[in-house]
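Structure first, commentary second.
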Amino acid sequence: IDKKRNRSAEGAFQAYTVLLAHMAAPIPGTLSYESAAVLPLGLSTAACGLFQKDHLALAYPSAAPKPMGKTLLVWGGSTSVGSNAIQLAVAAGYGVIATSAEACLDIVHGCQGDKFVSMASFPVSFQKFTVGSGIGFKLLLQIPKLLSFNLSRAVKSRTRGIRTNFIFGTTLMDNEVGRMIYIDFLPEALAECRYAAAPDPHIIGKGLEFIQAGFGVQRKGVSAQKVVVSL
C-alpha cells in the first residue's frame, strides 16, 4: 500500500467513496449510519497511539481480556479519541484513569473509565491515585495543554524516561493494527454491543450542502460530540 496515497475516490465530502477492505467493518442493525460515522477517525487515532509498535505497543483488545495489572491515563476522556482510547484499553485488559470536565463525566463513565479526575484537580488527584500504590501506567496525551501542568509534582520520579511521539490516525492502514481493529476486533465487538460509538453525533443536516455549516459549528467549538452531516 502506498503510504502517501491521496486518491480522491477515497476521500470525504462525497456521496460515494472507495474503502480499503481491511479498513472497514460492518455496521450492525442497532447502530445508525450517523452514530457509526463518529468512529473511524477517533478509533483509528486511538488505536495507533495504543497499539502501534512505535507508540505505546499495548496488548491487543479481545472479547475476554486478561487483566494486565497496568493503568492507562487518558487526558480528555470525553473527546472522540479519548472515548475510543478508554474502550480499547479496557478491552485490552488495562485499568483506565480518564480526565474530564465535570459536565462530561457521564460520557466517560459510559466508555468504561474506572477512575475519574476533573481537569481542575488533575495533579493532586492523579498523585492520590498513583503515588505509593504500585500502579504502573502509560500516558496518552490528548492535548498539548497538559504540558502546562507541572507533571513532575504529580508523578515525581516516574517522569524520568517519558518520551513523546506524534500520532497520525492513518498509519494503521499500512501495518497489522488496521486489520486487527477493523477485521478481528470491531465487527464482533459492535455486534455484541461491547463497543460503543462515542461521543454522540451532533447532526447538522442532511446533504452535502450542509458541509460548510458543519465547519462553522466545528469552528465555534463542540464538547463531547462529533459534528456529523447525514447523507
Side-chain angles (χ1 to χ4, degrees), residues 12-15 17 19 23-50 61 72-92 94 96-120 140-143 145 167 169-170 172 181-182 185-231:
F13 309 140
Q14 53 192 351
T17 186
L19 302 176
M23 290 293 294
I27 301 174
T30 55
L31 195 63
S32 68
Y33 281 102
E34 290 80 5
S35 294
V38 309
L39 281 172
L41 183 56
L43 171 62
S44 295
T45 304
C48 288
L50 296 180
L72 178 78
L73 169 62
V74 177
W75 179 264
S78 62
T79 65
S80 56
V81 175
S83 298
N84 284 279
I86 292 170
Q87 295 187 85
L88 289 173
V90 171
Y94 294 88
V96 174
I97 296 175
T99 70
S100 174
E102 295 292 340
C104 301
L105 287 181
D106 288 344
I107 295 172
V108 177
H109 180 72
C111 292
Q112 306 178 58
D114 61 355
K115 294 185 185 297
F116 307 101
V117 184
S118 68
M119 290 183 180
L140 182 65
L141 300 182
Q142 294 299 310
I143 54 177
K145 289 182 180 179
I167 299 173
T170 58
L172 78 171
I181 289 293
Y182 287 99
F185 173 72
L186 190 62
E188 184 177 336
L190 287 177
E192 296 179 357
C193 297
R194 289 188 282 105
Y195 201 92
D200 291 334
H202 177 27
I203 302 172
I204 304 302
K206 185 172 184 177
L208 295 175
E209 62 270 24
F210 283 93
I211 294 295
Q212 189 59 51
F215 278 125
V217 172
Q218 183 70 37
R219 186 174 183 179
K220 291 180 180 178
V222 295
S223 178
Q225 290 182 319
K226 190 79 169 179
V227 174
V228 171
V229 172
S230 180
L231 296 178

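- For residues 190-231, the ring-ring contact (aromatic ring centres under 6.0 Å, His included) pairs, not counting sequence neighbours, are Phe13-Phe215, Phe185-Tyr195.
- Here the side chains of Arg194 and Glu188 are in contact, with some heavy-atom distance below 4.5 Å.
- The closest donor-acceptor contact from the side chain of Tyr182 to the backbone of Pro40 lies under 3.5 Å.
- With a 4.5 Å cut-off on side-chain heavy atoms, Thr79 and Val74 do not count as touching.
- Residues Asn84 and Leu39 form a side-chain contact, since some pair of their non-hydrogen atoms from C-beta on lies under 4.5 Å apart.
- To the nearest 0.5 Å, atom CD1 of residue Ile97 and atom CD1 of residue Ile86 are 11.5 Å apart.
- Pro199 and Ser80 get closest at one heavy-atom pair: CD-CA, 3.4 Å.
- When all heavy atoms of Leu172 and Ala47 are compared, the closest pair comes out as CD1-CB, 4.2 Å.
- Between the CG atom in Asp200 and the OG atom in Ser78 there is a gap of 11.5 Å [rounded to 0.5 Å].
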Sequence neighbours excluded and cut-off under 3.5 Å, please list the side-chain donor-acceptor pairs for residues 224-231, or say none.
| unit_1 | atom_1 | unit_2 | atom_2 | d |
| --- | --- | --- | --- | --- |
| Ser230 | OG | Glu34 | OE2 | 2.6 |

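- The heavy-atom pair separating Ala197 from Leu31 by the smallest distance is CB-CD1, 3.9 Å.
- Residues Ala85 and Leu72 share a closest heavy-atom pair of O-CD2, 4.3 Å.
- Val81 is not listed as a side-chain neighbour of Ile167, based on a closest heavy-atom distance of 4.5 Å or more.
- Taking all atoms of both residues into account, the shortest heavy-atom contact from Pro26 to Leu190 is O-CD1, 4.2 Å.
- Ile27 and Ala36 get closest at one heavy-atom pair: CD1-CB, 3.7 Å.
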